[in-house]
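Inspection log for the structure reproduced underneath, given as structure tokens.
To find a chain, count down the sequence lines: A is the first, B the second, and so on, and within it residues start at 1. Reckoned from all heavy atoms, side chains included, excluding hydrogens, waters and symmetry mates.
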Amino acid sequence: MATATDLLIWTLAVFTALLLFHAAAHKLLDTARFEGILWDYRLAPELAIPAVALLLPLAEFAVGSALLIPTFQDQAFMAAAALLALYAVAMGVNLVRGRSEISCGCGGPPTPISLALVLRNLALCTCLLSSAALASSQPSWLVILAGAAAGCLAFVCVAAAGQALANRRRMVARGGVALVSGGRI
Amino acid sequence: MAQSTILVLLGALWLCFLVLAAVVWAMLRQIGVLYERVAPVGALMDSGGPKVGEASPTMRLPSLNGGGVVVGPGRGRAQLLFFLSTSCPVCKQLLPVLDSVRKDEGHWLDVVLASDGEEATHQAFISRRRLGDFAYVLSTELGMAYRVQRLPFGVVLDGDGVVRAKGLINNREQLESLFHALEAGAASVQQLAKQRALAFV
């Protein structure tokens, strides 16, 4: 039982860490673009945007790294949940404002913000918080390794799915045939 | 079977899984890149304002960076009018591109940044974004003359002040498409595609 829990915890930790690294890399590699995205959110004052554009990816990177270190894992789960909740609120505010056309800035292909993204973040938040609540024992390296592999696999699958959805949006935008819904738009 | 053998096999299985998943992701990304490559990259044309091939209205405007700017016929040099606002993220993203265009194409092309609104806001924008070397005009009339509705908007005039290309600019490729239009003699990529349509069918 404890082994199964540890396996799940490590899967989630590695998955979330990769998600955060991926997002941070996208933000740091194209700062100008991310500043534009932040500006679109209309939440931070314009003068603060360059600082926020640098701090957010650094925070993501730090939290992602801490998730992989057993000593800090519990706190890192909370911090990651806080980050994702912050993003969910930022997206929610703009959805309420009716500005649903803005890019989410999640990393990966351009994705407009949507209720689905808010719910995705909140679901991940719940998982992270419940992981933080579970007492972590000292799992064997085999469990950690298996969890890491499963986490990597989960991340790659999610990234691939995100890319597939983005491709579908492009196809629909071009007036072509959408593969997923199977009909002509 | 020894336990270590099972572990090695399990490890190999995980490795195969991961490689397969990575390959799927890479392929989907390639499809995404392909979409970007074949997308209509040219600047989208809005209707209204002087048409391509027509002469630009002549205007004499003061530049915020000193001196004056003449827009329209009789200049002998090509001109890029770039309409922007201080609050448009894409405009800011394109400023470095415009800076390199101004430096690299300066021997035949003048770049003019155009906007409207309060002068103080734009002066602050100029000093913050280091735009002191650009001709920078504030003129509601200029924007009205070209029926600029969405930003950033670019207009390319040839040496005789004739509009050679114009359109909404969202990235470097679309900006370059305006210059290609000047060289190729086609108003927009859409028109060029129409001209070449038979070749693609």
Legend entry - Toward chain B, the part of A/L142 with a non-hydrogen atom under 4.5 Å: side chain

Legend entry - Side-chain donor/acceptor of A/R168 to backbone N/O of A/Q163, under 3.5 Å: no

Legend entry - Donor + acceptor pair across side chains of B/Y146, B/S56 (<3.5 Å): yes

Inset, instruction - Check whether A/A159 gets within reach of chain B through its side chain, its backbone, both or neither, counting any heavy atom under 4.5 Å. - result: both

Legend entry - Under 4.5 Å from a heavy atom of chain A, the part of B/L7 involved: side chain

Inset, instruction - Check each atom of A/F155 against the heavy atoms of chain B and say whether the ones under 4.5 Å are side chain, backbone, both or neither. - result: side chain

Legend entry - Over 12 non-hydrogen atoms of neighbours within 6.0 angstrom of CE in B/M144: no

Legend entry - Interface residue of largest heavy-atom contact number with chain B, from A/A150, A/A161, A/C157, under 4.5 Å: A/A150

Inset, instruction - Return yes when the gap between the SG atoms of A/C104 and A/C106 is under 2.5 Å; return no otherwise. - result: yes

Legend entry - A/L20 to A/A80 - nearest heavy-atom pair and separation: CD1-CB, 4.3 Å

